[in-house]
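Below is one structure, written out as C-alpha cells; the observations come after it.
We use all heavy atoms of the structure for the numbers below, so side chains are in, but hydrogens, waters and symmetry mates are not. In what follows, chains carry the letters A, B, and so on, assigned in the order in which the sequence lines appear, proteins first and then strands, with residues in each chain numbered from 1. From a predicted model like this one, the values you see are computed outputs, not experimental measurements.
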4 protein chains.
Amino acid sequence: MHREHTGRRRNDAARQDILDAAAALIADPGGQPVTVDAIAARAGVGKQTIYRWWPSKYAVMLDALLERARVDVVDEGDGTLLGDLTAFLVSSFAGAERPGGRAFLSTVAALAQTDPAARDLLQQFTSRRREALRTLLQRHGVAEPDLMVEQAYGVLWYRLLVSGTPLDRDSAERLAALLTLQADRRPSTVDQFDEGARN
Amino acid sequence: MHREHTGRRRNDAARQDILDAAAALIADPGGQPVTVDAIAARAGVGKQTIYRWWPSKYAVMLDALLERARVDVVDEGDGTLLGDLTAFLVSSFAGAERPGGRAFLSTVAALAQTDPAARDLLQQFTSRRREALRTLLQRHGVAEPDLMVEQAYGVLWYRLLVSGTPLDRDSAERLAALLTLQADRRPSTVDQFDEGARN
Amino acid sequence: MHREHTGRRRNDAARQDILDAAAALIADPGGQPVTVDAIAARAGVGKQTIYRWWPSKYAVMLDALLERARVDVVDEGDGTLLGDLTAFLVSSFAGAERPGGRAFLSTVAALAQTDPAARDLLQQFTSRRREALRTLLQRHGVAEPDLMVEQAYGVLWYRLLVSGTPLDRDSAERLAALLTLQADRRPSTVDQFDEGARN
Amino acid sequence: MHREHTGRRRNDAARQDILDAAAALIADPGGQPVTVDAIAARAGVGKQTIYRWWPSKYAVMLDALLERARVDVVDEGDGTLLGDLTAFLVSSFAGAERPGGRAFLSTVAALAQTDPAARDLLQQFTSRRREALRTLLQRHGVAEPDLMVEQAYGVLWYRLLVSGTPLDRDSAERLAALLTLQADRRPSTVDQFDEGARN
DNA sequence: CAATAAGCGAGACGGTACGTCTAGTCTTATA
DNA sequence: TATAAGACTAGACGTACCGTCTCGCTTATTG
C-alpha cells in the first residue's frame with residue numbers, strides 16, 4: 001500500500017484508510033477484539049495519526065460507523081400512506097440488514113450506552129431518517145407522528161439489539177399496515193365515532 | 001463491613017455483597033469504568049471469590065442486573081383491551097424508570113451486543129414480560145400479537161437505548177391508545193377475511 | 001520455561017529471571033536497543049511485574065548491573081605496596097574486562113549521567129572497591145590515598161568511557177609501578193624539599 | 001525572535017540558533033529530556049532545518065558541545081615539570097568547571113557510550129588537549145607519558161562521570177605534585193637506585 | 001526580468017517504545 | 001477448607017519522541 005504524503009496538511013487518504021480499516025474490523029473482527037493497533041496496522045498508519053485526530057478508539061469506530069450510515073436511501077411509495085410507509089420501512093429494514101449492518105448498528109448502540117460522544121453521534125445519524133419518516137407521516141396528516149416514528153424505529157432497534165429477529169421484508173410490510181391502521185382512524189368520521197366510543 | 005466465615009460452605013452473604021457491589025457500581029460508576037477489582041474491593045471480597053462463581057466480569061454484572069429485574073410487576077387493568085394495555089405499559093415504563101433502572105437496562109443491552117451469555121440472559125429476562133404482554137393481547141383476540149409486542153417494547157427500548165427520551169406515564173397511555181386503534185380494526189370484514197386466510 | 005507461582009508473595013524466581021534477562025540484553029543487545037518488552041518476553045514475565053517492582057526501565061537495568069557487580073574479587077598481593085597494588089589493579093582491570101563487563105559498566109555510567117537513582121547506585125557499587133583500595137593504601141602509609149585511588153580508578157574508567165583502550169594486565173602492572181613511585185617518595189628528603197617549594 | 005531569510009543559501013544565523021538552543025537545553029534541561037522538537041522550537045526553526053544539516057539529534061548535541069569546547073585554554077608554566085604540569089591541570093580542571101561545563105562533558109560522554117558518531121567526536125575533542133599534555137610531558141623527558149596522561153585525565157573524568165567530586169584548584173595542584181614525583185625518578189640516578197632497591 | 005532553485009517554518013506522518021490499566025489465574029496465609 | 005489478599009501473565013491503551021515528508025513562502029541565481 002502506498003499513500004502520498006501531503007506535508008503539513010492533513011492527509012485525507014490516511015483518514016479514509018483509517019476509517020475503512022476500522023469499518024472492516026468492526027464488520028468482521030475475526031474473533032479478535034477491535035484494537036487500535038490493528039486498525040493502525042491495517043490502515044498502514046502510525047497510532048499517533050489516529051490519536052492526533054480522534055480522541056479515543058471509540059471515536060474512530062463511531063466515525064467509521066457514521067461514514068457508513070451516510071449512504072442515503074431514497075424511498076418513494078405510491079402516494080398513499082400505506083404505500084409510502086411500506087416503501088420507507090422496507091428500505092429501512094433492508095438498509096439495516098445490508099452486510100455488516102447489524103454489527104455496525106449494534107456496535108454503535110453499545111458504545112452509545114457508555115460514551116457521551118457516541119451518544120451524540122448516534123442521535124445525529126438516527127435523526128436524519130427519523131425526520132424523514134416524521135415528515136412523511138405529517139404529509140399524510142397523521143395525528144401522533146412522533147409516537148409512530150418511535151414505534152417504527154422501535155421495532156427496528158428492538159430486533160437489532162434485543163431480540164435479534166431478522167428485519168425481513170414481510171415484517172416491514174405488516175408493520176406498515178398496522179401503523180396505517182392507527183393513522184387511518186384519526187381524520188375520518190369513523191375516528192370521531194370511535195373516540196366518542198372510547199370515552 | 002463484617003461477614004461471618006462459613007468455612008467450607010459457599011458463603012451466600014459474600015455472593016450477595018458481590019451482586020450488590022456490582023449493582024451499585026453499575027448504577028453509579030462515578031466516572032470510573034466498572035472493574036472487577038472495584039467490585040471485589042467494594043464487596044470486601046477477594047477476586048477469586050468472584051471468579052469461583054461467575055465465569056467473567058460480564059456474568060457478574062448480568063447476574064446483578066437480573067437480580068434487580070426479578071422484582072415482578074403485577075398490573076391489572078379493567079378488562080378492556082385499552083384498559084389492560086394501558087395498565088401494562090404504564091407499569092412497564094415506570095419499572096424501567098425506577099432509580100438506576102435506565103443504567104441497568106442500557107448496560108445489559110450493551111453487554112448483550114458483545115457477550116453471547118449476556119445475549120441469552122437478556123432474552124431470558126425480557127421474555128417473561130414479553131410473554132405476559134402477548135398473553136394479554138391474545139386474550140383480547142388481537143390479530144398480530146407478536147408485532148404489537150415488538151411495537152410496545154420497541155418504543156421502550158428505543159427510548160432507553162437510542163433517543164434517551166423519558167418513559168413517562170403519558171407516553172405509555174398514548175401508546176396504549178394507538179395500539180388499541182390497530183387492534184380495534186380487526187373485527188372488520190377485511191380483517192375477518194384475512195384471519196380466515198391465515199388459519 | 002516454567003516458574004512456580006508463589007501466590008500473594010513476591011516471586012523471587014521471576015525477579016531473578018527479569019534481572020537475568022536484562023543483564024543478557026545489556027551484555028548483548030544484538031543490534032536492538034534494550035526494551036522493556038524484550039526484557040519481559042525473555043524473562044517470560046508480564047510487563048506489569050516489572051513495573052510493580054521497579055519504577056522505570058533504567059532502574060531494572062541498574063539493578064541487573066548491580067547484581068553483576070556483587071561478584072567480589074579477592075586479591076592478595078605479597079605484602080609490599082607494589083605487590084599488593086599490582087594484585088589489586090590487575091584483578092580490577094580483569095574484572096572490568098570480563099565478558100559483557102565493558103557494556104555493563106559503560107551503560108551504568110551513561111545512565112548515571114541522567115538518572116539520579118542511577119547516580120546513587122553507581123556510587124554505591126564503586127565505593128566498595130574504592131574503599132578496599134583506600135584501605136590497602138593506608139595500610140602502607142601512603143600520604144595521599146584518596147588522590148591515588150582516583151588516579152587508579154580514573155585510568156580504569158577513562159579507558160572504559162573515553163578512550164576505549166583495553167584494560168590489559170600490562171597496563172595494570174605499569175600503573176601500579178608508577179603509583180608506587182609516588183608513594184615511595186613521601187618520607188624522603190626530596191619530598192620535604194618539594195613540599196617546602198610548594199608552600 | 002526575528003531572523004533574516006537568506007533565500008537559497010544556508011542561513012548561518014539559523015545554524016547558530018540551533019546550536020545555541022541545543023547548548024542551552026543541555027546545560028539546563030529543566031527536568032525535561034532534550035528533544036529535537038524542543039531544540040527546534042527554542043531555535044525558532046523547523047525540524048527539517050535541523051535534519052537537513054545534521055544526521056541525528058546526537059550529532060546536533062555533539063556539535064553544540066564541540067562548539068563550546070573550542071574555547072582554547074592556553075596554559076604556560078614556569079618551565080619546570082611541576083610548574084608546567086600544575087598550570088596545565090589547573091586550567092584543565094577550571095575549564096571543566098566553567099558554568100555548564102559538567103553538564104556538557106557528562107552529556108557527551110553519556111552519548112558516546114551509545115552512539116558511534118558521538119564516540120568519534122568525543123575522541124576528537126579530547127585528543128587535542130591530551131596531545132598537548134603528552135607533548136608537555138615528553139618535553140620534560142617523562143618515561144611513561146601515555147600512562148601519565150591517562151592518570152591526569154582519568155582523575156578529571158572520574159570526578160565528572162563517576163564520583164561527582166568538584167575539580168578544584170587544590171586537587172589539580174596536588175595531582176600535579178604526585179605525578180611529578182613519578183616522573184622525577186626516571187632519568188635521574190636516584191631512580192636507578194630506587195629501581196635497584198625494588199628488585 | 002522572468003524562471004528556477006534551494007533554504008526555510010510548519011506540522012502531519014510511520015514507527016517504536018514507554019508506562020498504565022484491566023481481565024482472569026494462581027498461591028499463600030488467615031480464620 | 002473457603003476466603004482475603006495480592007502477585008502473576010497477557011495484552012490493549014494512549015503518550016512521547018525520532019526522523020521523513022510535503023506545503024507554501026522567501027530569497028539568490030540563472031537565462
With sequence neighbours left out, the residues meeting side-chain hydrogen bond (donor to acceptor under 3.5 Å, both in side chains) with B:Q16 are B:D20, B:E67
By side-chain hydrogen bond (donor to acceptor under 3.5 Å, both in side chains), which residues pair with C:D28, not counting sequence neighbours?
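With neighbours one apart ignored, the set is empty.
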Taking atom [atom2] of [N] as reference, at what distance in whole Å does atom [atom1] of [X] sit?
| X | N | atom1 | atom2 | answer |
| --- | --- | --- | --- | --- |
| C:E4 | E:dT27 | CD | C1' | 10 Å |
| D:W54 | F:dT20 | CH2 | C1' | 18 Å |
| A:I50 | E:dC13 | CD1 | C1' | 12 Å |
| C:I39 | F:dA10 | CD1 | C1' | 17 Å |
| D:R42 | E:dG9 | CZ | C1' | 18 Å |

Within 45° of the axis and under 6.0 Å from the centre of the six-membered ring of D:W54, does NZ or CZ of D:R10 qualify?
yes
Enumerate all atom pairs, one protein N or O and one N or O from nucleotides 5-8 of chain E, separated by less than 3.5 Å.
residue, atom, partner, partner atom, Å
E:dG7, O4', D:G7, O, 3.0
E:dC8, OP1, D:N11, N, 2.6
E:dC8, OP2, D:R52, NE, 3.4
E:dC8, OP2, D:W53, NE1, 2.7

CZ of A:R52: more than 12 outside heavy atoms within 6.0 angstrom?
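Yes, the 6.0 Å shell around CZ holds more than 12 heavy atoms from other groups.
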Output all residues satisfying salt bridge (Lys or Arg N to Asp or Glu O under 4.0 Å) with B:D37, sequence neighbours left out; order by chain, then residue number.
B:K47
Got a sec, which residues hit side-chain contact (heavy atoms from CB on, under 4.5 Å) with A:A13, two or more places apart in sequence or on another chain?
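Per chain and number, A:A13 pairs via side-chain contact (heavy atoms from CB on, under 4.5 Å) with A:R3, A:N11.
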Taking every non-hydrogen atom, the tightest pair across B:D17 and B:A43
O-CB, 3.6 Å
Contacts under 3.5 Å, N or O only, protein and nucleotides 20-22 of chain E:
residue, atom, partner, partner atom, Å
E:dC21, N4, C:Q48, OE1, 2.7

Heavy-atom side-chain contact between B:S106 and B:L161 under 4.5 Å:
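Yes, side chains in contact.
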